[in-house]
Every structure is written in C-alpha cells, then in structure tokens.
Amino acid sequence: IAGITQAPTSQILAAGRRMTLRCTQDMRHNAMYWYRQDLGLGLRLIHYSNTAGTTGKGEVPDGYSVSRANTDDFPLTLASAVPSQTSVYFCASSDRAAGKLFFGSGTQLSVL
Amino acid sequence: AQTVTQSQPEMSVQEAETVTLSCTYDTSENNYYLFWYKQPPSRQMILVIRQEAYKQQNATENRFSVNFQKAAKSFSLKISDSQLGDTAMYFCAFMKHGINSGGGADGLTFGKGTHLIIQP
C-alpha cells in the first residue's frame, strides 16, 4: 500500500539520549516535512526538504536535524533529547503539482 | 508567507445537528489548495475534503461540504447530520500549487485546530 511509514510508533527516552525518528515514503514525492503536534499549538514545522539533497529549517528547528540522502527517506534526529521535545511527531509528503498531501501515522515521543 | 486561522478552539453540538467550523487564511498566491483534515483519538490524519482555489464550485464529500470564499479568504467546513464518530480535532490547511522552486517551506501551512465534540 502506497504511503508514508513512520517508526517507531512510540518511544520513551531518557533526557540526554540521541534518537532518530524514521520516515519512508514510496510515492516519489519531492517534498517532505517533519511536524510536531502539541496541544493548543497545532502542527508546527520542524524541518522540511523540497527535494533529495536539500533541507531547510521550519518554525521550531532547534534541537533537531534532518537529512535527505534520497527521495524516499527523511529521518529526524534529536541529538540530545530534552523533556520539552515530548510531543507527537508527524512526517508528511506532498505532491504540490497535483495538490496531494500525505501523513504518516505519527510517533509519540516522551522524554523523561 | 501564508497564515491559517481557526478561531474556534473547541465546539460542541448534539448528534444529528449541523455544525460549521471556520477557517480563514492570508496569502498573496492566486493558485493553491485548501484542505480539511480530521484527527480522531487514534491520531491518524484523515483527509476530509480538498478544494482547488481555481474552482468556484464548493467541494462536497457526503455529509461534508465547504463554503469557499476566495475573495474573503475563507474556507469553512459544514458537517451535516453530525455523528458521534465525527468527534475529533479538525485542521484547516493551505498548500501552494506547483513545484517549489523558490526555496522555503511556505507551501504548506496549518491552523491550530478545532476540537469538535458530538454529544449523544
């Protein structure tokens, strides 16, 4: 089934630890995004990539990094997790020429 | 850059009633897409309805319809004959049309959401 796969589904992490959230799509979309969702704040963009080999910072990039080595994969890394990074993380991809937007199922991350 | 505003943090209606969720946006673009997404407690993001800005006709999907007012930059969602399963967060989203060749991620913007509760 075509779509976006995120892993893990949920994770409890000790503060200070490094963590990579995985995101893979099989639709060959150029644009991919990472959002965090927090109550009352909606979806906030962390990082994005308009095409393989390029990335950019979103609204809340501090403490996060991304890479886009190929079209399909867009991992998000927390170098040294802090409790304020406790959130639900969504990966998304878009085909803007066709007006299509797809979401992964999200990752619930708790940093203690 | 675009902004999307959902002015109703929470709404509650009785089952079978009709409810309208509001969404306004600000953009200088002429060609774009607008979406309503539903997020139930499962947290899955489910596409409810999609509107292409160049189409004057309002999109409809069964019990869901929109009132798209391009000049007013308004994109409200109407849910008719509301059901208990409609209880969810609803997000309005804006997406620029076309290939992003100018850099930036301003092609995709979300509102903060409206929590809709359908009471039995």
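The model shown is predicted, which means the values in this text are computed figures rather than measured ones.
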CZ/A/Arg17: more than 12 non-hydrogen atoms of other groups inside 6.0 Å: no
Transitively linked via ILVMFWY side-chain contacts under 4.5 Å: B/Ile49 with B/Tyr90? yes
Against chain B, work out which of A/Leu41, A/Thr51, A/Leu101 has the most heavy-atom pairs shorter than 4.5 Å and name it. A/Leu101
According to a hydrophobic-cluster definition based on side-chain heavy atoms being under 4.5 Å apart (Ile, Leu, Val, Met, Phe, Trp, Tyr only), do A/Met32 and B/Phe110 belong together? no
Take a 6.0 Å sphere around NZ of B/Lys78 and say whether it holds more than 12 heavy atoms from other residues, nucleotides or ligands. no
Residue pairs, two or more places apart or on separate chains, that pass disulfide bond (SG atoms under 2.5 Å apart) and touch residues 12-95 of chain B: B/Cys23-B/Cys92
Chain A contact via B/Tyr37 - side chain, backbone, both or neither, heavy atoms under 4.5 Å: side chain
Any non-hydrogen side-chain atom of B/Gln39 less than 4.5 Å from a side-chain atom of A/Gln37? yes
Which of residues 103-112 of chain A have a heavy atom under 4.5 Å from any heavy atom of chain B? A/Phe103, A/Ser105, A/Gly106, A/Thr107, A/Gln108
Counting only heavy atoms from other residues, nucleotides and ligands, does the tally under 6.0 Å from CG of A/Asn70 exceed 12? yes
If you round to the nearest 0.5 Å, how far is NZ of B/Lys96 from OG of A/Ser94? 11.5 Å
Do B/Phe64 and B/Met11 land in one hydrophobic cluster if side-chain heavy atoms of ILVMFWY residues count as linked below 4.5 Å? yes
Would you say A/Phe74 ends up clustered with B/Met95 if hydrophobic residues are merged whenever their side chains have heavy atoms under 4.5 Å apart, either directly or through other cluster members? no
Tell me the disulfide bond (SG atoms under 2.5 Å apart) pairs involving residues 42-77 of chain A, sequence neighbours left out? none
Using heavy atoms and a sub-4.5 Å threshold, report which of residues 78-92 of chain A line up against chain B, by residue number. A/Val88, A/Phe90
Applying a strict under-4.5 Å side-chain criterion to I, L, V, M, F, W and Y, I'd like to know whether A/Tyr35 and A/Tyr64 cluster together. no
With a 6.0 Å cut-off (strictly less than), is the heavy-atom count around CD of B/Gln56, excluding the residue itself, greater than 12? no
Counting only heavy atoms not in B/Leu84 (residues, nucleotides, ligands), do more than 12 fall under 6.0 Å from its CG? yes
Given a strict heavy-atom distance threshold of 4.5 Å, which part of B/Gln6 is in contact with chain A: side chain, backbone, both, or neither? neither
From A/Leu43 atom CG to B/Phe91 atom CZ, the distance as rounded to the nearest 0.5 Å: 5.0 Å
In terms of heavy-atom contacts, does CD of B/Gln14 have more than 12 from other residues, nucleotides or ligands at under 6.0 Å? yes
Do B/Met89 and A/Leu39 pass the side chain to side chain contact (heavy atoms under 4.5 Å, CB included) test, and can you show the C-alpha distance, the side-chain angles, and the key distance before you say yes or no? CA-CA 11 Å; B/Met89 282 291 291; A/Leu39 190 63; over 6 Å; no
